[in-house]
Asks: 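The structure is given below, and queries will be raised subsequently.
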Amino acid sequence: MDRTYLQTWLRDRGFTYSNAYNKGKTLVFSKVPLPDYRADLDERHGSTQKEIKMSNQTERRVEDLLSKSKVNTNDSASTSTIYSRQTLPSTPSSVVERATDIDKQKLSSQLRDLQNSRKTMASARSMQSFRQKLPAFNMREGFLKAVVANQVLVISGETGCGKTTQLPQFILEEEIDNLRGADCNIICTQPRRISAISVAARVAAERGEELGETVGYQIRLESKRSAQTRLLFCTTGVLLRRLVQEPDLVGVSHLLVDEIHERGMNEDFLIIILRDLLPRRPELRLVLMSATINAELFSKYFGDAPIMQIPGFTFPVAELFLEDVLEKTRYKVKFERDNAAGSSRRKRISSVKSDPLSDLFENIDIDKEYGNYSIATRQSLEAWCAAELDLSLVENTIEYICRYEAEGAILVFLTGWDEISKLLDKIKGNNFLGSSNRFLLLPLHGSMPTVNQREIFERSPVNMRKIVLATNIAESSITIDDVVYVIDCGKAKETSYDALNKLACLLPSWISKASAHQRRGRAGRVQPGFCYRLYPKVIHDAMPQFQLPEILRTPLQELCLTIKSLQLGAVSSFLAKSLQPPDPLSVKNAIELLKTIGALDDMEELTSLGRHLCTLPLDPNIGKMLLMGSVFQCLDPVLTIAAALAYRNPFVLPMDRKEEADAVKRSFAGDSCSDHIALLKAFIAWKEAKQSGRERSFCWENFLSPMTLKMMDDMRNQFFDLLSDIGFVTKTRTVKAYNHYGSDLEMVCAVLCAGLYPNVVQCKRRGKRTAFYTKDVGKVDIHPSSVNAFVNQFPLPYLVYSEKVKTASIYVRDSTNISDYALLLFGGPLSPSKTGEGIEMLGGYLHFSAPKRTIELIQRLRGELDKLLQRKIEEPALDMFSEGKGVVAAAVELLHSHNDYR
DNA sequence: GAGCACTGC
């Protein structure tokens with residue numbers, strides 16, 4: 001049965017697809033119903049009503065300001081005259097395209113002469129002998145013939161076969177040899193920035209040339225390429241952006257898409273576009289590169305395109321499962337204390353939160369299944385709990401390797417920060433390692449400051465064993481060459497998207513077989529290795545073959561916007577062409593959100609705002625925040641906040657000093673009750689420190705990542721350039737020219753509200769504390785890392801947030817406390833209340849009441865503000881502050897007048 | 001009272 005069909009079928013019946021597992025050859029689904037948070041929403045907080053109290057003085061001032069200014073609706077400037085469709089200027093034709101045929105012939109022979117002369121160099125010959133050892137080398141002729149004969153080719157090859165560095169290079173050499181050098185334009189996409197750079201550098205070195213000559217790379221905000229560049233390695237995201245301007249990829253002769261087996265969203269999306277593009281570009285050659293594991297899927301998708309297999313080359317890795325590890329190490333698993341008193345595994349099933357794979361094991365008759373193993377091992381298997389990781393078991397396995405096995409680094413795969421931290425403490429506490437200079441114990445996590453430390457990659461000195469405690473980051477992003485022992489706990493935290501509750505989840509779950517294979521391979525890069533799997537073989541055999549593709553695990557608003565901007569037709573019918581189409585409910589949620597923020601109209605067509613948002617490489621909400629920041633003259637802070645939200649949080653999480661780190665973050669936030677303001681202040685302080693040459697110590701003392709801050713700074717510049725491309729700012733002026741309200745935190749928070757809407761939380765007083773509610777899921781908690789965590793009473797009645805994630809509970813991660821007026825003036829559209837004289841927002845979820853006069857005044861101001869904004873969106877160059885001075889001033893007046901909610 | 005991982009003209 002088709003998995004997608006099943007997924008929908010299950011969803012409709014309240015089950016989740018992620019509960020699926022393999023039992024023999026059939027897919028089994030456990031009956032864990034999906035909670036529906038919407039169930040009793042009305043009962044819990046539908047009746048709340050916020051009363052707006054506006055002082056007479058404020059009312060008069062607002063009236064006064066408003067009466068002085070009237071925004072004209074400029075009917076003549078219709079949308080179509082400004083944006084007559086996506087008629088973006090076509091890419092400037094490259095040097096090659098402009099060249100005459102004679103020039104081209106000349107260039108082609110120059111390229112060939114250069115290539116030939118480099119082949120004879122001594123360094124090139126040693127490179128050549130290295131290349132000849134790669135399994136891909138023997139496939140050269142067959143591969144090149146297949147590329148000529150087939151428009152689409154699927155290459156499957158394991159790590160170490162050399163497909164990424166060799167195949168694009170073969171094409172390049174062949175084209176240049178045959179005097180087609182001037183005409184060829186090869187692009188090879190990589191999912192990650194680092195691999196795009198390192199692969200390009202490797203290929204350039206193999207060809208004996210500088211990076212940026214015939215071989216170059218391009219990633220966001222960074223490129224090394226020239227007019228001579230014939231082979232470009234770029235991230236998939238860069239190619240997708242290029243497609244917006246150049247839907248037919250004119251001038252590209254060969255396109256290679258690498259790592260498609262990972263099923264990233266960008267790659268899955270690109271593949272749909274390419275399948276449609278191929279008939280329009282019959283001479284374009286497409287090579288899809290995948291791990292062996294699912295090559296057929298892609299071949300089928302492209303009408304049974306031929307598959308070529310390249311054998312891999314890694315050293316053999318011996319594999320031990322839990323039962324073997326127990327037998328070998330003699331470790332005794334202890335029953336959990338709660339269950340100790342004569343309880344059996346059966347009882348545990350009902351008491352511990354479980355999953356199908358864990359249940360599968362819990363239901364096995366140990367004595368029958370493991371008859372060949374010792375009694376001690378069987379007792380341990382009986383006591384072993386699949387649902388929770390036994391850190392002592394991990395520690396013991398490390399100790400065993402250190403004591404009895406030959407030298408070589410150990411890599412331990414764990415699920416997250418907490419496990420890494422606890423295990424580190426445990427090992428340090430037990431001190432089994434003896435003399436500390438014989439071991440190097442390193443935590444490795446994306447948000448830990450150790451991520452960029454050299455010692456992780458460098459070979460540790462002789463007689464010193466390196467032990468790395470890592471998350472999934474070590475599975476593909478970071479490669480540690482000298483690993484000989486891998487310890488795999490079999491789980492990873494995985495994002496999923498619960499479309500029913502519009503909720504992103506981040507929960508630990510069993511990895512796929514493909515992932516387990518990849519983890520094992522990490523032990524065989526330099527010599528034969530060992531993989532200790534801390535879970536039984538029966539669980540491994542029942543693991544799903546692959547992880548669910550990203551397109552089925554993520555909210556889709558940004559993807560939907562891109563589909564509209566590429567003019568690929570109706571979103572749902574386009575996505576239905578996907579390798580595995582997403583849940584229609586996810587698509588519906590995304591479209592609804594885009595309508596809510598005003599990017600799509602009722603007909604699902606792009607609005608003026610939507611067209612602007614397409615040009616920004618950002619999530620639509622953050623893009624809107626950026627536009628509103630430029631419109632309302634607080635560009636500087638909004639550039640920073642948008643960059644942090646789009647990239648990553650610059651605060652690092654050191655393991656031993658987390659209280660200090662929290663305190664620093666709070667001090668940046670001051671009394672703003674805002675994580676976004678904390679980010680902003682930290683960035684400003686970093687800039688100052690950098691100017692006075694104190695960057696390093698500043699970052700260290702304030703728990704900030706210099707690399708992230710640098711990236712944010714670069715992204716700010718990119719955003720400014722993009723805003724100037726669409727006319728919201730003028731390139732000759734600086735950010736300061738658009739920053740009149742940049743220091744006005746009320747205004748900045750109002751713009752945050754405009755961008756983050758409809759991510760609104762109601763703060764409700766419950767005695768001395770505050771409870772938090774959202775429309776979609778009801779009660780939520782403030783994430784403990786937020787500056788707003790453990791605040792008992794807030795000055796203002798609402799929070800806006802950038803992310804809501806279900807982990808241990810449903811958490812709002814980064815939030816900002818905002819007033820009623822911010823919401824009324826900058827939130828979603830207002831509608832008259834169904835019940836009385838008030839106004840409503842978010843389909844009646846938020847309800848405001850006030851005297852008729854006040855309501856009318858707010859509605860009038862909001863109406864004028866909307867008109868002004870609409871004009872600005874359609875005529876970005878409009879000077880709002882001469883046109884709508886009074887309106888903006890009235891809004892500012894109101895934002896500053898909010899009555900204290902406490 | 002807790003933080004999988006990537007990425008963008």
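For the numbers below, each heavy atom of this structure counts, side chains included, while hydrogens, waters and symmetry mates do not. Naming: A, B, ... by sequence-line order, numbering from 1 per chain.
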Asks: Determine: side-chain N/O of A:Q718 to OP1/OP2 of B:dC9, distance under 4.0 Å, yes or no.
Replies: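 Yes, A:Q718 has a side-chain N/O under 4.0 Å of OP1/OP2 on B:dC9.
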Asks: Counting only side-chain heavy atoms from C-beta out, which of B:dC4, B:dA5, B:dT7 sits nearest to A:T235?
Replies: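 Looking only at heavy atoms from C-beta outward on A:T235, the closest nucleotide is B:dT7.
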Asks: Any base atoms under 4.0 Å from A:A789, or only sugar-phosphate, or nothing? Heavy atoms, all strands.
Replies: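 If one applies the 4.0 Å heavy-atom cut-off, A:A789 turns out to touch nothing in the nucleic acid.
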Asks: Rounded to whole Å, how long is the line connecting atom CD of A:E267 with atom P of B:dT7?
Replies: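 Interatomic distance, CD of A:E267 to P of B:dT7: 11 Å.
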Asks: Distance check needed: B:dC6 C1' versus A:R192 CZ, whole Å only.
Replies: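 In whole Å, B:dC6 C1' lies 7 Å from A:R192 CZ.
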Asks: Looking at A:K710 and A:D714, is there a salt bridge between them, counting it only when a charged N and a carboxylate O are closer than 4.0 Å?
Replies: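 Yes, A:D714 and A:K710 are salt-bridged.
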Asks: Specify the separation, in whole Å, of atom CG of A:D268 and atom P of B:dT7.
Replies: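 Atom CG in A:D268 sits about 17 Å away from atom P in B:dT7.
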Asks: Remember a base hit wins even if backbone is also touched, and classify A:T471 as base, sugar-phosphate or nothing at under 4.0 Å, heavy atoms.
Replies: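 Sugar-phosphate, no base atom in range.
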Asks: Quick one: does NZ or CZ of A:R553 land under 6.0 Å from the six-membered ring centre of A:Y497, within 45 degrees of the ring axis?
Replies: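 No cation-pi geometry.
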Asks: Check the phosphate of B:dC4 against A:R553, side-chain N and O only, distance under 4.0 Å to OP1 or OP2. Yes or no?
Replies: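 No, because none of the side-chain N or O atoms of A:R553 sits under 4.0 Å from OP1 or OP2 of B:dC4.
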Asks: With sequence neighbours excluded, what pairs up with A:A291 under the side-chain contact (heavy atoms from CB on, under 4.5 Å) test?
Replies: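 Per chain and number, A:A291 pairs via side-chain contact (heavy atoms from CB on, under 4.5 Å) with A:E158, A:H261, A:I293.
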Asks: Excluding sequence neighbours, so at least two apart, what forms side-chain contact (heavy atoms from CB on, under 4.5 Å) with A:L506?
Replies: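 Listed in chain order: A:K493, A:T495, A:V805, A:T807, A:R813.
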Asks: Once you apply a heavy-atom cut-off of 4.0 Å, does A:L618 come out as touching a base, just sugar-phosphate, or nothing?
Replies: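 Touches a base.
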Asks: Rounding to a whole Å, what distance do you find between A:I197:CD1 and B:dT7:C1'?
Replies: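 These atoms are roughly 13 Å apart.
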Asks: Using the side-chain heavy atoms of A:V238, tell me which of these nucleotides is nearest: B:dC9, B:dA5, B:dA2.
Replies: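 Nucleotide nearest to A:V238's side chain: B:dC9.
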Asks: Between B:dG1, B:dC6, B:dG3, spot the one nearest the side chain of A:R648, thanks.
Replies: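 Out of B:dG1, B:dC6, B:dG3, the nucleotide with an atom closest to A:R648's side chain is B:dC6.
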Asks: A:T807 side chain N/O closer than 4.0 Å to the phosphate oxygens (OP1, OP2) of B:dA2?
Replies: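 No.
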Asks: Using the closest heavy atom to pick a nucleotide of DNA chain B for each, name whichever of A:K493 or A:D619 lands nearer the 5' end.
Replies: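 By nearest-heavy-atom nucleotide position, the 5'-most residue is A:K493.
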Asks: Could A:K665 and A:F651 be counted as a cation-pi pair, given that NZ or CZ must be under 6.0 Å from the ring centre and within 45° of the axis?
Replies: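 Because its charged atom sits under 6.0 Å from the ring centre and within 45° of the axis, A:K665 does stack over A:F651.
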Asks: Name the nucleic acid region contacted by A:Q218, choosing base, sugar-phosphate or nothing; use a 4.0 angstrom heavy-atom cut-off, strictly under.
Replies: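 If one applies the 4.0 Å heavy-atom cut-off, A:Q218 turns out to touch the sugar-phosphate alone, with no base involved.
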Asks: Do the side-chain N or O atoms of A:H445 get closer than 4.0 angstrom to the phosphate oxygens (OP1, OP2) of B:dG3?
Replies: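 Negative; the distance criterion is not met.
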Asks: To the nearest Å, give me how far apart CD (A:E803) and P (B:dC4) are.
Replies: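 It works out to 12 Å between those atoms.
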Asks: What nucleic acid atoms does A:F790 come within less than 4.0 Å of, heavy atoms only: base, sugar-phosphate, or nothing?
Replies: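 Base, at least one base atom sits under 4.0 Å.
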Asks: Could you state the atom-to-atom distance from CG of A:D425 to P of B:dA2 in whole Å?
Replies: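 In whole Å, B:dA2 P lies 16 Å from A:D425 CG.
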Asks: With a non-hydrogen cut-off below 4.0 angstrom, is A:D662 in contact with a base, only sugar-phosphate, or nothing?
Replies: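 Base contact.
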Asks: Is the phosphate of B:dT7, meaning OP1 or OP2, less than 4.0 Å from a side-chain N or O of A:Y647?
Replies: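 Indeed not, no polar side-chain atom of A:Y647 lies that close.
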Asks: Rounded to the nearest Å, what distance is computed from the CD atom of residue A:Q245 to the C1' atom of nucleotide B:dC9?
Replies: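 Atom CD in A:Q245 sits about 5 Å away from atom C1' in B:dC9.
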Asks: Report which part of the nucleic acid A:R220 touches: base, sugar-phosphate, or nothing (heavy-atom distance under 4.0 Å, all strands).
Replies: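 Here A:R220 touches the bases of the nucleic acid.
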Asks: Between A:F728 and A:F719, does the ring centroid distance fall short of 6.0 Å?
Replies: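 No; A:F719 has its ring centre 6.0 Å or more from that of A:F728.
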Asks: Atom CZ of A:R657 and atom P of B:dA2: how far apart are they, to the nearest Å?
Replies: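 Value for this atom pair: 23 Å.
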Asks: Is A:R813 touching bases, backbone alone, or none of the nucleic acid, heavy atoms closer than 4.0 Å?
Replies: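 It contacts nothing in the nucleic acid.
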Asks: Would you mind telling me which residue lines up with the more 5' stretch of DNA chain B, A:K658 or A:M711, judged by nearest nucleotide?
Replies: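 Checking each residue's closest nucleotide, the 5'-ward one belongs to A:K658.
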